[in-house]
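Along the sequence shown, residues carry numbers from 1.
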Amino acid sequence: MAEKFNACFISYRHPAAKGGREEKLIGHVVKAITDHVQMYTHDHEVYFDDKRLVPGYQYDEKLAEAICRSACMIIVYWPSYLESDYCKKEIEAMLEIEDRRRQLLGADLNGCRLLIPVILRGKFEELPERVTKDCQYLDYKAQAVKPDFNIGDDDKMSDELYRIAEYIKSLCDKMKGSSDALFGKCQQYGFPAPPKPQSVDEIKPAPPQPFPGR
């Protein structure tokens with residue numbers, strides 16, 4: 001029996017306050033992604049770890065297995081996302097998994113990235129270059145100013161979501177024939193060690209930027 005796997009893993013930062021704007025936006029994005037992916041496949045679920053919404057949540061190593069067992073990762077991004085060690089570990093895991101899958105699938109993954117950022121605040125370019133290189137993303141900033149707005153109700157945004165869902169389904173189809181090799185050992189998968197910090201000589205200072213409003 002072929003190994004079952006998820007359509008995508010949704011990576012997000014624990015919201016600062018219960019019932020706040022962040023939590024509402026997370027819920028909207030998860031519902032919209034799930035609704036659109038389900039139009040393309042029922043065989044592969046959207047993985048969303050809702051325990052992280054609970055205060056006092058501790059890192060669960062089963063998340064490493066869930067990432068390994070997902071065709072790709074949706075990054076729900078705002079600037080505080082990168083302050084989270086949880087989120088940075090999830091990115092590092094999917095980047096490592098992406099490299100392994102390229103070695104196994106070869107040309108089938110040419111032109112494909114396994115990370116899809118959804119930008120709620122901040123800029124796409126704030127994510128690590130290893131994520132942004134050749135990566136497509138969804139800019140949700142305009143809709144995110146209205147926390148009671150359903151992302152899926154906007155025609156333009158819905159079209160973008162359908163394109164993402166179609167892309168995710170195409171990744172699932174590429175991986176289905178090799179599911180045993182890709183996902184068979186996910187139960188033993190652990191998070192990679194964090195990348196070594198750059199030395200002072202390697203760090204290139206960013207050019208000074210004018211203060212906003214001046």
Trainee: Does Phe9 have its ring centroid less than 6.0 Å away from the ring centroid of Phe48?
Mentor: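 No, the ring centres sit 6.0 Å or more apart.
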Trainee: Please step through side-chain contact (heavy atoms from CB on, under 4.5 Å) for the pair Leu182 and Leu105, ending with a clear verdict.
Mentor: CA-CA 9 Å; Leu182 291 169; Leu105 297 177; 4.2 Å; yes
Trainee: Side-chain contact test, heavy atoms from C-beta onward, threshold under 4.5 Å: evaluate it for Ile67 versus Met73 and give yes or no.
Mentor: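 A side-chain contact exists here, since the closest heavy-atom pair is under 4.5 Å.
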Trainee: Run through Gln103, Arg101, Glu98 and flag the one making a side-chain contact (heavy atoms from CB on, under 4.5 Å) with Leu109.
Mentor: Arg101
Trainee: At what distance, to the nearest 0.5 angstrom, does NE2 of His36 lie from CE of Met39?
Mentor: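 Between His36 NE2 and Met39 CE, I get 8.0 Å after rounding to 0.5 Å.
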Trainee: Treating Arg113 as the side-chain partner and Val131 as the backbone partner, does any N or O pair qualify as donor plus acceptor under 3.5 Å?
Mentor: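 Present.
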Trainee: Is there a path of hydrophobic side-chain contacts, each under 4.5 Å between heavy atoms, that joins Met157 and Tyr162?
Mentor: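 Not linked; separate clusters.
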Trainee: Lys141 and Gly122: which non-hydrogen atoms are nearest, and at how many Å?
Mentor: CD-O, 3.3 Å
Trainee: Can a salt bridge be assigned to the pair Arg69 and Glu3 using a cut-off of 4.0 Å between side-chain N and carboxylate O?
Mentor: yes
Trainee: Do Tyr81 and Ile75 come close enough that some side-chain heavy atom pair is under 4.5 Å?
Mentor: yes
Trainee: Give the C-alpha distance, both sets of side-chain angles, the deciding distance and a yes or no for disulfide bond (SG atoms under 2.5 Å apart) between Cys72 and Cys8.
Mentor: CA-CA 5 Å; Cys72 63; Cys8 61; 5.1 Å; no
Trainee: Say whether Tyr12 and Glu90, considering side chains only, have a donor N or O and an acceptor N or O under 3.5 Å apart.
Mentor: no
Trainee: For Tyr77 and Glu126: C-alpha separation, side-chain torsions, deciding distance, then whether side-chain hydrogen bond (donor to acceptor under 3.5 Å, both in side chains) applies.
Mentor: CA-CA 10 Å; Tyr77 178 78; Glu126 293 166 356; 2.7 Å; yes
Trainee: With rounding to the nearest 0.5 Å, note down the distance linking CD in Glu65 to SG in Cys68.
Mentor: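 The SG atom of Cys68 is 7.5 Å from CD of Glu65, to the nearest 0.5 Å.
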Trainee: Please report the interatomic distance NZ(Lys88) to CG(Asp85), rounded to the nearest 0.5 Å.
Mentor: 5.0 Å
Trainee: Are Gln136 and Phe124 packed together at the side-chain level, in the sense that at least one heavy-atom pair is separated by less than 4.5 angstrom?
Mentor: no
Trainee: Identify whether the distance between the nearest side-chain nitrogen and carboxylate oxygen of Lys169 and Glu166 falls below 4.0 Å.
Mentor: no
Trainee: Using the rule that two of Ile, Leu, Val, Met, Phe, Trp, Tyr join whenever any of their side-chain heavy atoms come within less than 4.5 Å, decide whether Tyr40 and Phe5 are in one cluster.
Mentor: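 Different clusters.
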Trainee: Answer yes or no: is there an ion pair linking Lys4 with Glu45, defined by an N-O contact shorter than 4.0 Å?
Mentor: no
Trainee: Working note: Lys156 + Asp159, criterion salt bridge (charged side-chain N to carboxylate O under 4.0 Å, His left out); need CA distance, chi angles, decisive distance, verdict.
Mentor: CA-CA 5 Å; Lys156 181 178 182 298; Asp159 286 344; over 6 Å; no
Trainee: If we count only N and O atoms by modelled type, under 3.5 Å, do the side chains of Tyr140 and Glu160 hold a donor and an acceptor together?
Mentor: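 Not at all, the side chains of Tyr140 and Glu160 share no donor-acceptor pair under 3.5 Å.
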Trainee: Taking C-beta and beyond as the side chain, do Leu138 and Ile119 meet within less than 4.5 Å on heavy atoms?
Mentor: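 No - every pair of side-chain heavy atoms lies 4.5 Å or more apart.
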Trainee: Is the shortest side-chain N to carboxylate O distance from Glu22 to Arg13 below 4.0 Å?
Mentor: no
Trainee: Go through Glu92 and Arg130 one step at a time and tell me if the salt bridge (charged side-chain N to carboxylate O under 4.0 Å, His left out) criterion holds.
Mentor: CA-CA 10 Å; Glu92 289 299 323; Arg130 290 186 300 154; 2.4 Å; yes
Trainee: If I compare all heavy atoms of Ser70 with all of Tyr47, which pair ends up nearest, and what's the gap?
Mentor: OG-CB, 4.5 Å
Trainee: Any chance you could lay out the side-chain contact (heavy atoms from CB on, under 4.5 Å) test for Met94 and Leu115, step after step, and finish with the verdict?
Mentor: CA-CA 7 Å; Met94 185 51 80; Leu115 301 102; 3.8 Å; yes
Trainee: Show your working on salt bridge (charged side-chain N to carboxylate O under 4.0 Å, His left out) between Asp35 and Lys31 and close with a plain yes or no.
Mentor: CA-CA 6 Å; Asp35 287 349; Lys31 184 179 186 305; 2.7 Å; yes
Trainee: Begin from the C-alpha positions of Ile33 and Leu161 and carry the test side-chain contact (heavy atoms from CB on, under 4.5 Å) through to its verdict.
Mentor: CA-CA 7 Å; Ile33 293 291; Leu161 285 162; 3.7 Å; yes
Trainee: If you define the side chain from C-beta out and look only at heavy atoms, does anything of Ile168 sit under 4.5 Å from Ile74?
Mentor: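 Contact flag for Ile168/Ile74 side chains = yes.
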Trainee: Examine distances only and state if a side-chain atom of Lys174 and a backbone atom of Asp108 form a donor-acceptor pair shorter than 3.5 Å.
Mentor: yes
Trainee: List the atom of Ala7, the atom of Cys172, and the distance in Å for their closest heavy-atom pair.
Mentor: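 For Ala7 versus Cys172, the nearest heavy atoms are CA-SG, 3.8 Å.
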Trainee: What I'd like to find out is whether the side chain of Val46 reaches to under 4.5 Å of the side chain of Ile10, using heavy atoms alone.
Mentor: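 Val46 vs Ile10: side chains touch.
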Trainee: Ring centres under 6.0 Å, that's the criterion: do Tyr86 and His14 meet it?
Mentor: no
Trainee: To the nearest 0.5 angstrom, please state how far the NE2 atom of His44 sits from the OG atom of Ser179.
Mentor: 8.5 Å
Trainee: Indicate yes or no for a side-chain donor-acceptor contact from Ser178 to the backbone of Ala181 under 3.5 Å, with no hydrogens or angles considered.
Mentor: no
Trainee: Working to the nearest 0.5 Å, report the span between CZ of Arg21 and CH2 of Trp78.
Mentor: 11.0 Å
Trainee: Inspect the surroundings of CD in Glu129 and state if more than 12 heavy atoms from other residues, nucleotides or ligands are less than 6.0 Å away.
Mentor: no
Trainee: Do Tyr189 and Leu104 share a hydrophobic cluster, counting only Ile, Leu, Val, Met, Phe, Trp and Tyr and linking them when any side-chain heavy atoms are less than 4.5 Å apart?
Mentor: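 Same hydrophobic cluster.
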Trainee: At what distance, to the nearest 0.5 angstrom, does CD1 of Ile26 lie from NZ of Lys24?
Mentor: 13.0 Å
Trainee: Does the side chain of Asp50 reach to within under 4.5 Å of the side chain of Val30, using non-hydrogen atoms?
Mentor: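 Asp50 vs Val30: side chains apart.
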Trainee: Taking C-beta and beyond as the side chain, do Leu171 and Cys112 meet within less than 4.5 Å on heavy atoms?
Mentor: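 Yes, at least one pair of side-chain atoms sits under 4.5 Å.
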